[in-house]
Structure formats: structure tokens, C-alpha cells
2 protein chains.
Amino acid sequence: MKIEPSATRSHDHNACVHDAVATAVDLCEKRGARLTAQRRRVLELVWGSHRAVKAYEILDDLAREQPGARPPTVYRALEFLMAHGLVHRVDSLNAFVGCNHARDRHEAQFFICDGCGLVREIDEPSIGQAVTRGAKKLGFRVDRQTVEMHGRCEACQ
Amino acid sequence: MKIEPSATRSHDHNACVHDAVATAVDLCEKRGARLTAQRRRVLELVWGSHRAVKAYEILDDLAREQPGARPPTVYRALEFLMAHGLVHRVDSLNAFVGCNHARDRHEAQFFICDGCGLVREIDEPSIGQAVTRGAKKLGFRVDRQTVEMHGRCEACQ
DNA sequence: AGCGGATACGTAATATTATAACGTTTTCGA
DNA sequence: TCGAAAACGTTATAATATTACGTATCCGCT
Ligand SMILES: [Zn+2]
Ligand SMILES: [Zn+2]
Ligand SMILES: [Zn+2]
Ligand SMILES: [Zn+2]
């Protein structure tokens, strides 16, 4: 198992991946959820970078080491990982990104650099609050939010 | 030209559509943009309801009255309409919705009812401000935002 | 250990969403 | 009225995602 390097990072990314997997193992253990080898491998592949990764990119990677892999293989794994908050879907990119604070359930908000592809998940409570205010005005109940900001990261400006 | 009724409205929807088209005609006039018959028809079809409409639904409708219609016919019209802020894409639904305050360029924020499909576009400045604050913390420059809240409208709760 | 239901996976097919490529027609100002 | 730009027609294909159904594996229970 080798994790490829990425142009968009300057840190020890293997440590990122290792941490993410350890957290996932832990969390699934606690919840009695089955983090199978395949699901775990898909999690690693999603964490291959801090970019959002396309399902078919994951499929290509997976198929290289496991020729039987098919779309449902990947989508099923992603479904599981999303259900457990280990991965998020980025709707504006049709792509998936690893969650870097998966311990608690949370509303995900993303900054996405259109230059280098970097995705940063944040938790800015005032965004949630502003949304709640807006919802109240309309009598809406909010169950789930998609908040994705596109632009340029510091390095790419 | 007949606009179909929708389960999710209690108002004179033909008036909505009429207004939207009048605004569009006006705006395109001002900008020297060509709101052709086809683009106008697609705008009407998007405005067929206050729900988000799929591209292939529009295509089906359009093809009924114009058998030569093909995917590019619709996507090209939508591209034009979006470029002029007359229609927005709802990323979390892969669908399109008419803009109800197209006069000015604006950041669109949506509340989407998962019960009846109603989409309400709002302009809650505090959301934009909260986002800006979050962006500043990260050194991000925001160019474009996707803010889509899913839940239940007042009637569907 | 052996049974049986639930969960996960393999596999083929197909559905849905979107774009590429290229030629023709229309528009509109010079 | 000419010519370039824009719009449109048409075919094909790319990209994303799901359905359906059969098989294998896991796991609690006896
Ligand atoms: Zn997260
Ligand atoms: Zn960047
Ligand atoms: Zn709008
Ligand atoms: Zn509703």
C-alpha cells in the first residue's frame, strides 16, 4: 500500500492518512460498524490528497490492485463512509473528500481552491447561525446543508 | 403555450412566469443579449414550477413541441440563462431553478424542501458575511458560493 | 461446531447527467 | 450586401450513478 504524493501539500501526508484511518477504525469499532478492507482502502484512496476525488478516479485506483472493482464497489464504500461521517460529498464537484474531524457529527462547510484543488473543511458557527436565522424567517426546518465556497487559496492568489 | 399547474403552489403562477419572462426580455434588451425564442421557451419551462427542474425534464417538454430538441439545445439555453443570472443551478440536485430577483447580480442561497420540492432563493446578508469571516481566517478569496439548505418548508413540517 | 438471517460483495446491465465536435443557418453591424 | 460572430442542428460519446440479482461472508444463536 503506497500513498501517492500530491502537488498541493507540504506536510507528511502519510501521517494524515494514517490518522484518518485510525480514527475510522476506532469510530467504527465503537459503533459496531464493519470497516471492511475494501471500505478502508477506499477511505485511504479518498485521503490520497487534500483534494476532492472523483468516484471514477477511486475506481481506477482500486481496479489497479483489484481487477474486479466496478462502480458499485466504490459507490457502496463511499455510501458507508459518508453514513459514518468519514467522508463528505462535494456537490459542486461531484466528488468526495475525507473528513478531518470525523469524531462528531457536524455540518460540513468547504472552501475549495479552483487553482490547486485544495479543499478545506471548516466549522464556522456563525455560518450555521446565519443560516438558522434565514430559515426562521421562512419557517423552514433545515436538516442538511451544502455550503461550498469556491475561490483561491492563499498560495494560489 | 400552456404552463402546467403544480401541486406546490397556491398562487397565480402564470403571472410568475410572465413576470420572469418580462424581466428577462428587459434585461437582455439592456445588455444587448439575444434572448431567442428557444432560450425564452427554456426559461418558461424552468419557471414551470417553483421547484428545481432537471435538464432532461426540460428536454422532454421541449421535444414535445420541437422534435429536433437534443441535450445541447437545452444545456446551451441554460448556459445562456445562467450567464445572465436568470436561472441558477442547484448543485445538490443537479437541477435548475428560475431566479426570482434577477435584476442584480447576486450570490444565491437556497432553501429546498425535500417534501414538496419547493425551492426558495433568499438573500440573507449575514450568511455572506459569516462566510467572508470564515474565508478571512483561512486567507481564502471567495469567488462563488454554493449554499443550499435542505429540509422541510412550513407546509411540509 | 452448525444453522440461518443479515450484511457485504461480484457482476452485468442500464439510467442519468453533461459535453465534444463539426457543419449549417441566422443575425447584425460595417 | 458582405462577412464575421453567434446561434443552432445533429451525432456521438463522456462522465456520473443506480438497479437488479445472485453469491459469499459474517455473526449471533443454538
Ligand atoms: Zn467533516
Ligand atoms: Zn490553491
Ligand atoms: Zn437569483
Ligand atoms: Zn414542502
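Letters go in sequence order (proteins before strands), and every chain restarts at 1.
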Report task. Specify the residue among A/Phe96 and B/Thr73 whose closest nucleotide of DNA chain D lies further upstream toward the 5′ end. Result -> B/Thr73
**Report entry** Touch class at under 4.0 angstrom, heavy-atom based, for B/Arg76 against every strand present
**Finding:** base
Requested in this report: Return the value, rounded to whole Å, for the distance between atom CD1 of A/Ile58 and atom C1' of D/dA15.
Outcome: 14 Å
Query raised in the report: Can we say A/Arg76 and A/Glu79 salt-bridge, meaning some charged N sits less than 4.0 Å from an Asp/Glu carboxylate O?
Result: no
Query raised in the report: Would one find a side-chain N or O of B/Lys54 under 4.0 angstrom from OP1 or OP2 of C/dT17?
Result: yes
Query - For atom OH of B/Tyr75 and atom P of D/dT13, their distance in whole Å - result: 19 Å
Query raised in the report: Can you tell which of D/dC8, C/dT11, D/dT18 lies closest to the side chain of A/Arg70?
Result: C/dT11
Query raised in the report: Counting side-chain heavy atoms from CB outward, which of D/dA7, C/dA8, C/dG10 is closest to B/Arg39?
Result: D/dA7
Query raised in the report: With a distance cut-off below 6.0 Å to the six-membered ring centre and an angular limit of 45° from the axis, does B/Arg120 pair with B/Phe111 as a cation-pi contact?
Result: no
Requested in this report: Considering only NZ, NE, NH1 and NH2 on the basic side and carboxylate oxygens on the acidic side, decide whether B/Arg41 and B/Glu65 come within less than 4.0 Å.
Outcome: yes
Query raised in the report: Can you check the B/Asp60 CG to C/dT16 P distance for me, whole Å?
Result: 10 Å
Requested in this report: Using a strict 4.0 Å threshold on nitrogen-to-oxygen distance, state whether B/Asp60 and B/Arg64 make a salt bridge.
Outcome: no
Report task. Would you indicate which nucleotide in D/dC8, C/dA8, C/dT11 comes nearest to any side-chain atom of B/Gln38? Result -> D/dC8
Requested in this report: Take atom CG of A/Asn94 and atom P of C/dT16, then tell me their distance rounded to the nearest Å.
Outcome: 16 Å
Query raised in the report: For every nucleotide of nucleotides 24-30 of chain D, 5' to 3': is a protein heavy atom under 4.0 Å from its base (B), only from its sugar-phosphate (S), or from neither (-)?
Result: --S----
Report summary line: Per nearest nucleotide of DNA chain D, the residue lying toward the 5' end, A/Ala55 or B/Phe80, is B/Phe80
Query raised in the report: Taking CG from B/Leu62 and P from D/dC8, how many angstroms apart are they, rounded to a whole number?
Result: 11 Å
**Report entry** Ring centre gap for A/His50 and A/His11 strictly below 6.0 Å
**Finding:** yes
Query raised in the report: Are B/Tyr56 and the base of C/dT16 stacked, counting only ring centres nearer than 5.5 Å and planes tilted under 30°?
Result: no
Report task. Run the salt-bridge test on B/Glu154 and A/Arg141 with the 4.0 Å N-O cut-off and return the result as yes or no. Result -> no
Query raised in the report: Can you tell if the side chain of B/Cys99 reaches within under 4.5 Å of the side chain of B/Val87, non-hydrogen atoms only?
Result: no
Requested in this report: Find the distance A/Leu78:CG to D/dT18:P and express it as a whole number of Å.
Outcome: 10 Å
Query raised in the report: Touch check for A/Gln66, heavy atoms < 4.0 angstrom, all strands: base, sugar-phosphate only, or nothing?
Result: sugar-phosphate
Query - Rounded distance in Å - NE2 (B/His84) to C1' (D/dA7) - result: 13 Å
Requested in this report: Take the protein atom CG of A/Leu93 and the nucleotide atom C1' of D/dA15, then report the distance between them rounded to whole Å.
Outcome: 14 Å
